**Q** 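My structure is below; once you've seen it, I'll send some questions.
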Amino acid sequence: MLDFLGNLERTHRCGTLRAADAGKQVVLMGWVNRRRDHGNLIFLDLRDRSGICQIVLDKELTPGGHARGEQVRSEYVVAAIGKVRLRAPEAINLKMETGEIEIEATELRILNDARLTPFSPAEEAIKDEEVRLKYRYVDLRRAEMQRNFRLRHEITLAIRANLSQQGFLEIETPILTKSTPEGARDFLVPSRVHAGEFYALPQSPQIFKQILMISGFDRYFQIARCFRDEDLRADRQLEFTQIDLEMSFPRRESVFAVVEQFLAAGFAAAGVTLPTPFPRITYDDSMRQFGSDKPDLRLPGLTDVRPAFTDENLATLQIDPALPVVALRIPNVGELSRKEREDNHPLFDQKKGAKFIDDFKRLAKSFPEAAAKVRELTGASDADFVIVVAGDPAHHIKASDTKFPGRLSEREINVYAAAGNFRTELAKKYADRHGAFRMTEETVEAAHVHGAADPIDGSKAFYPIWIVDFPMFEYELASGKWVPAHHPFTAPYEADMANLVSDPASVRADCYDLAMNGLELGSGSIRIHRKDVQQQIFASLGISDEEARKRFGFFLDALEYGTPPHGGIALGLDRIIMLLAGAANLREVIAFPKTAKAIDLMADAPTTVTEQQLRELHVRVALKS
RNA sequence: GGGGACGUAGCUCAGUUGGUCAGAGCGCUGCCCUGUCACGGCAGAGGUCGCGGGUUCGAGCCCCGUCGUCCCCGCCA
């Protein structure tokens with residue numbers, strides 16, 4: 001039998017009661033976390049989002065409440081009415097925040113029963129994520145998830161407040177819109193009113209926020225949902241949230257200052273101080289030093305070990321002497337058996353035209369001097385695991401071999417990237433041995449305990465870094481054309497403008513990425529605000545006026561009506577939360593995420609729709625058999 | 001599209017060379033228990049070993065295929 005709530009009002013939350021509340025008459029409501037039945041005495045741990053409180057049901061004192069207590073099971077929803085009392089000294093539980101008190105219940109109302117849950121929200125996350133996601137409502141009851149979403153709320157709130165303080169207005173832009181010029185696939189929504197036509201969900205509010213600058217709003221921001229129909233990863237979902245902002249009359253440095261401020265505010269809300277300003281690195285240096293444009297500075301970088309080898313060495317080893325020869329070092333891994341090394345081989349991306357040497361004993365046997373020099377150059381201790389990565393001359397890949405002065409060739413980038421990926425994959429695998437991530441974990445844990453009121457130093461746990469000086473264009477091998485590496489409204493450096501047509505390889509883009517601990521947190525740019533520059537860019541891309549007008553017509557119109565110099569950035573909010581929650585993937589900080597195969601296991605989406613719906617939308621489905 | 005890991009009870013897992021191997025802990029159900037807080041005690045229920053096919057006298061174990069989850073590459077500038 002279930003009881004009615006009646007006009008009963010909750011007076012307190014479970015986790016908030018302390019010794020000072022002793023004697024108070026209270027009404028608590030929540031879920032039964034655990035029940036301990038001692039026969040004539042029953043203990044209930046009652047849980048709500050604030051925490052847990054022990055309810056005592058004594059058969060002698062309250063026979064009715066005790067009878068109800070016998071019926072109760074895990075996750076039943078109950079109301080406990082009674083008095084807060086101090087526990088006897090020997091019954092105090094220091095592991096509980098409310099461990100000094102308990103509720104001597106006079107009445108227990110069962111507001112709802114519950115089926116046996118497939119796993120207990122009172123415990124740590126189960127490994128089977130399929131079950132967690134299917135029963136997401138149960139999973140979200142777990143303290144860790146409750147904490148993650150409270151954290152998300154606090155960080156978001158702090159960032160909003162900070163941006164507002166910095167003079168930014170939050171303005172919403174459409175969800176049903178037109179395809180935006182980010183490179184991803186669009187999610188399309190068929191129009192019922194306009195047969196055969198489609199809206200696109202925004203990949204970002206890019207064009208709208210630039211138009212807001214033309215409209216004179218000067219500083220705009222939005223906590224914006226974005227949609228990209230691409231394959232998912234640990235740090236990529238189909239829909240995600242960006243802290244999107246744009247400002248008028250900015251220099252790059254002013255954008256950086258704004259971001260550093262609001263990010264520090266967000267971190268502070270999570271109990272972590274983040275020193276500003278953030279360091280910078282050029283794209284080329286980032287590739288050379290880390291083999292990545294989102295470097296993780298917690299680990300040693302790559303070392304150029306080309307000088308360790310003679311030309312004969314390289315010839316014997318079948319290494320391309322024109323490409324980089326780098327070493328990666330994972331500290332304190334110890335000596336690996338042949339089997340262990342072979343198990344690591346799938347972590348190396350074979351398709352990048354690079355090869356690696358991870359058998360150092362063998363290398364030392366054939367090339368003792370080179371091997372010694374490599375270890376010397378990398379500064380490796382005996383316990384450090386060192387791998388040499390180099391270009392494979394035998395491996396023909398689809399990449400431009402052409403070397404343009406002053407910038408890395410595609411093949412060079414590929415070798416660096418192969419080394420960089422290997423570095424991060426191995427670092428993930430041997431995290432326990434090198435311990436480079438431990439400080440981050442400890443800081444996150446400590447921050448959860450200390451809270452925003454008493455923030456702790458994050459400088460050894462979080463390594464933000466600006467990546468700058470990206471090349472403006474990429475050489476497309478198939479067409480033999482230079483194509484923009486970024487969206488076509490990204491401004492070139494004013495100093496490089498003269499070379500747009502004559503030497504596109506040398507032109508740098510005035511855009512920037514922000515990375516932290518191996519994650520790309522965001523990217524932005526100074527935009528093109530002048531029609532003549534925009535035309536030059538289009539011309540250099542071989543885009544005709546007509547074509548440009550068709551793709552970006554309304555925006556090009558807007559540009560002609562008094563566009564201020566402007567620029568901005570967008571940061572991935574989910575990724576920021578993920579870092580501060582100490583989560584391994586975005587699903588831990590998104591309430592209802594999708595699986596790697598883009599499925600919502602709880603809602604069971606996507607699904608087919610009725611013929612009627614399709615007809616109204618003028619859509620016919622043609623499945624490939 | 002490609003590579004890798006995993007899939008045995010509700011959950012976490014063990015299962016040797018193919019031969020009583022259908023197992024453990026937790027959870028669950030029933031009974032007992034007035035100071036537990038991962039309560040305890042006794043008893044019990046619970047399995048298409050992801051699915052399909054093959055090899056074999058015999059398959060949880062070997063082979064092929066397939067599905068699902070996760071990680072990575074491609075893709076996402």
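Letters A, B, ... mirror the listed sequences (proteins, then strands); counts begin at 1. Everything quoted here is computed from the prediction, not taken from an experiment. These values consider heavy atoms only, across backbone and side chains, with no hydrogens, waters or symmetry-generated copies.
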**Q** Say you pick atom P in B:G27 and the same atom in B:C39; how far apart are they, in whole Å?
**A** 7 Å
**Q** Roughly, in whole Å, what's the span from CZ in A:Arg35 to C1' in B:G40?
**A** 14 Å
**Q** Mind checking the C1' distance from B:G23 to B:C61? Whole angstroms is fine.
**A** 15 Å
**Q** Starting at atom CG of A:Leu426, determine the distance to atom P of B:C72, rounded to an integer number of angstrom.
**A** 14 Å
**Q** I need the single residue from A:Arg136, A:Lys594, A:Arg587 that forms a salt bridge (charged side-chain N to carboxylate O under 4.0 Å, His left out) with A:Glu129. Which is it?
**A** A:Arg587
**Q** Without decimals, in angstroms, what is the distance between A:Asn414 CG and B:G74 P?
**A** 9 Å
**Q** Check this one for me: any side-chain N or O of A:Thr595 less than 4.0 Å away from OP1 or OP2 of B:U69?
**A** yes
**Q** Atom CG of A:Asn93 and atom C1' of B:U36: how far apart are they, to the nearest Å?
**A** 10 Å
**Q** Pick the P atom in B:G54 and in B:G58, then give their distance to the nearest Å.
**A** 12 Å
**Q** In whole Å, what separates the P atom of B:C62 from that of B:A77?
**A** 43 Å
**Q** On RNA chain B, check which nucleotide each of A:Pro118 and A:Asp37 is closest to and give me the residue with the more 5' one.
**A** A:Pro118
**Q** Who are the side chain to side chain contact (heavy atoms under 4.5 Å, CB included) partners of A:Ser74, not counting sequence neighbours?
**A** none
**Q** Aromatic rings A:Tyr135 and A:Phe119: how do their planes relate, parallel, tilted or perpendicular, breaks at 30° and 60°?
**A** perpendicular
**Q** Please confirm whether the shortest side-chain N or O distance from A:Lys597 to OP1 or OP2 of B:C70 is below 4.0 Å.
**A** no
**Q** May I have the distance from A:Tyr135 (atom OH) to B:C11 (atom C1'), rounded to whole angstrom?
**A** 12 Å
**Q** Using atom C1' in both nucleotides, what's the gap between B:C26 and B:U66 to the nearest angstrom?
**A** 33 Å
**Q** The side chain of A:Asp231 lies closest to which of these nucleotides: B:G3, B:C75, B:G35?
**A** B:C75
**Q** Below the 4.0 Å mark, does B:G74 have OP1 or OP2 next to a side-chain nitrogen or oxygen of A:Lys352?
**A** yes
**Q** Less than 3.5 Å between a donor and an acceptor, one on the side chain of A:Glu102 and one on the base of B:G35, is that the case here?
**A** yes
**Q** Can you tell me the Watson-Crick or wobble partner of B:U66, both distances under 3.5 angstrom?
**A** B:G50
**Q** Closer than 4.0 angstrom, basic N to acidic O: yes or no for A:Arg407 and A:Glu474?
**A** no
**Q** If only side-chain N and O atoms of A:Arg34 are considered, is one of them under 4.0 Å from the OP1 or OP2 phosphate oxygen of B:U36?
**A** no
**Q** Checking base pairs now: Watson-Crick or wobble, both atom distances under 3.5 Å. What partners B:C28?
**A** B:G44
**Q** So, does A:Lys127 get its side chain near the phosphate of B:C6, meaning an N or O under 4.0 Å from OP1 or OP2?
**A** no
**Q** Hey, are A:Arg47 and A:Glu75 close enough for a salt bridge, meaning a charged N less than 4.0 Å from a carboxylate O?
**A** yes
**Q** Could you let me know what B:U55 is paired to, Watson-Crick or G-U wobble, both distances under 3.5 Å, or none if it's on its own?
**A** none
**Q** B:C39 base stacked by A:His38? Criteria: ring centres under 5.5 Å, plane angle under 30°.
**A** yes
**Q** Phosphate oxygens OP1/OP2 of B:U29: is one of them under 4.0 Å from a side-chain N or O of A:Arg73?
**A** yes
**Q** With both distances under 3.5 angstrom, what nucleotide forms a Watson-Crick or G-U wobble pair with B:U17?
**A** none
**Q** Who is the Watson-Crick or G-U wobble partner of B:A9, with both distances under 3.5 Å?
**A** none
**Q** In whole Å, I'd like the distance from the CE atom of A:Met96 to the C1' atom of B:U36.
**A** 11 Å
**Q** Return the value, rounded to whole Å, for the distance between atom CG of A:Asp128 and atom P of B:U12.
**A** 5 Å
**Q** Determine, answering yes or no, if A:Phe119 is stacked on B:C11 under the 5.5 Å centre rule and the 30° plane rule.
**A** no
**Q** Rounded to whole angstroms, how far apart are CG on A:Leu601 and C1' on B:C70?
**A** 12 Å
